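Below is one structure, written out as structure tokens; comments come after it.
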Number of protein chains: 2
Amino acid sequence: MDLTATTAELASAAAEAVRLLPGRVLDPVLAGLLLTAEGDEVMLAGSDRERAVRLSCSAAVHTSGRVLVPAKPLAETLRALDVPMVRLVVEGARLAVRTPNARFALPLLDADLHPGAPTAPPLAGTVDGKLLVSALATVAATASRDDALPLFTGVRVRADGDRLLLAASDRYRMALASLPWTPTGGSLDALVPAALLAEIAKQARSTVGLHVDQNRVGVAWGSSVVTTALLDGSFLSENKIVTSTTDTWLSVDADAFAAAVRRVALYADHRGVLKLEVGDNEFRLRGADQQAGEAEETVKADVDGGRTSPSFQSRFLLDALRPFAGGQVRVAIQPGMRATIFSSPDPDNPVDLRYMVAPMRPPATP
Amino acid sequence: MDLTATTAELASAAAEAVRLLPGRVLDPVLAGLLLTAEGDEVMLAGSDRERAVRLSCSAAVHTSGRVLVPAKPLAETLRALDVPMVRLVVEGARLAVRTPNARFALPLLDADLHPGAPTAPPLAGTVDGKLLVSALATVAATASRDDALPLFTGVRVRADGDRLLLAASDRYRMALASLPWTPTGGSLDALVPAALLAEIAKQARSTVGLHVDQNRVGVAWGSSVVTTALLDGSFLSENKIVTSTTDTWLSVDADAFAAAVRRVALYADHRGVLKLEVGDNEFRLRGADQQAGEAEETVKADVDGGRTSPSFQSRFLLDALRPFAGGQVRVAIQPGMRATIFSSPDPDNPVDLRYMVAPMRPPATP
């Protein structure tokens, strides 16, 4: 193999491949990146047998070929270069990364042991990358990180007509998003690992295609394709959420609400719980802890409905308010221990997001 | 106690006090901040018996008084406020932090148990804050962080005529700086904890006064004074450094040198050691590791003297080059295992900095 490529382009492809592959792989072969130079491009592929990634990068190929090299050292070397062009050439048992002043020689691994990257399953439809990233920023972050409960580590991705529905929950809160979807045939209803979607959300650009079959899901954008095994099960149903019992509505500036939560949370009890007391045209946040002291702050709001005073984990409130930063948020409080629902009052937002937070037992009164 | 102050000013004084006090204090009294409101200011004082800090902040004092409250919660509350003015008022067993919409109540601690902050020893002289910060950025970072060797955790601070000399070493490298000094009487030759100087270097502004007596040293700027116990012993003598045996001089762009070190270091052996081979009008950096592969890069330089090829810890090279970033660096290589000296060729720099790095045994040849 012998090729010359634009350093920036090749470095960003290698960095993207490293970020999309799982971090800790003990098998050196699976920690490798498979480079295939042919025609006018070089393909970078990696796989840990469960997740696979494939990217291509244009290159002037002098001699075609296929090699396996350690992925991270290659990516770090390319990232550190400050020359416009770089040459990759096999020299004996080494892949040499050459620039006019320097030579970096990586050991070759046995390419025949690598599983390769499978092609993506059939395309189910496409979605605007920017909207998907915005929705995933909230939804993927709401899934549980606890691998002991694999069901809750996934995002349910479901196509319904011309809308794509995303849902995730860690049992204490749930995020639901609906965004425009262009179907291209097959149906889509899959539980996709949230960690992978969160990683994709950092990198996806322009239009994103979703590919799916019985066992695997693929996400494709630009020249990148990531495929992964589906999670088993489908517990989350956004249809079952009924909000007809709401008895109090608040409409409030999301940033002012979040700033007050951050301040009063400094005085929350050991569980981090704050009380929200609804009044007329305002509500009051209260925190109290034997050691830290107590705090209360009043926030102006449009209030519709009865007086109530649910309690919440302060960090869940902050997570619920974050997607509405910079605007108003509508808060629907249901009686008893039913969830409180945060949504945007803006009907023109192409991503319709709802965030549900379960209330907590109130903090001890000081 | 009852006072009103500008939120930003009081918040920054409290934050500075918290940063300058040691982080982990088990005794809640020593984790407290002593507030004394009198005249038209409030004094903030803290101490862990070894280190003491004192700051003042202007305030409209309605009722003078003296209270002790938990330092970090006070600083965090003040930092989180977004109103221009804040009122501090004692209410029963609480210090209330009040704004128009909110009340945060901190428990009062027993002020009589607090050691208070002693006044600073006599002034020895003053130094320009900006130059001191620039010199400390390198010198304080070179001291050892290993508390098992307290001697090496200090910076020797010595006044010599109209120059202030700073020196620190962790045994593998040594940094020496000389900067303009305005003496005001007493002599100064003290071993000051580097960790404190590094913290001061983040905050000192304008003119900095150095105060010293037999046991304590004080650093004062603006309305802040920090005093601390001196370290015992004085092993570092910048007079003993003789560099008459230098046989090779390099003059090289510091940034190009550092960038090459960063790249080749990816292929350094397990000790992180690189070889520097001096040639004609250039030198070559080499790294080699059984697992990582090998790398070499050529850097253009003015070379004066014989060929030599010392080896260095790559991270010590990077530390040595950092203060010279953006310009040329002069590298004096002494034969054998004697230190290599990095300095600036610019005679107009008010801070004269020299950085010495001990060579290592060369890496195994690939």
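As the structure is a computational prediction, the values presented were derived from the model and not from experiment.
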Quick check on [X] against chain A: is it the side chain, the backbone, both or neither that has a heavy atom closer than 4.5 Å?
X        : answer
B:Leu266 : side chain
B:Ala259 : side chain
B:Gln291 : backbone

(message) As an exercise: rank A:Ala102, A:Gly293, A:Ala105, A:Ala295 by heavy-atom pairs under 4.5 Å with chain B and give me the winner.
(response)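 It is A:Ala105.
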(request) Taking B:Arg263 for its side chain and A:Ala80 for its backbone only, find out whether a donor-acceptor pair lies under 3.5 Å. (result)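 Flag set: sc B:Arg263 to bb A:Ala80 pair under 3.5 Å.
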(message) Is A:Val264 in contact with chain B via its backbone, its side chain, both, or neither, using a 4.5 Å heavy-atom distance?
(response)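 Contact with chain B: backbone and side chain both.
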Spacing of [X] atom [atom1] and [Y] atom [atom2] [to the nearest 0.5 Å]:
X        : Y        : atom1 : atom2 : answer
B:Arg284 : A:Asn101 : CZ    : CG    : 9.5 Å
A:Glu294 : B:Phe104 : CD    : CZ    : 12.0 Å
B:Arg262 : A:Glu76  : CZ    : CD    : 13.0 Å

(request) Please say whether more than 12 non-hydrogen atoms of neighbouring residues, nucleotides or ligands are located less than 6.0 Å from CZ in A:Arg79. (result)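 No.
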(request) Give a yes or no on this: more than 12 heavy atoms of other residues, nucleotides or ligands lie within 6.0 Å of atom CD of B:Glu9. (result)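 Yes, because the 6.0 Å sphere around CD of B:Glu9 holds more than 12 heavy atoms from other groups.
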(request) Identify the residues of residues 87-98 of chain B whose heavy atoms come closer than 4.5 Å to a heavy atom of chain A, ordered by number, or report 'none'. (result)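 When heavy atoms of chain A are the reference, residues 87-98 of chain B contributes B:Arg94 within the under-4.5 Å range.
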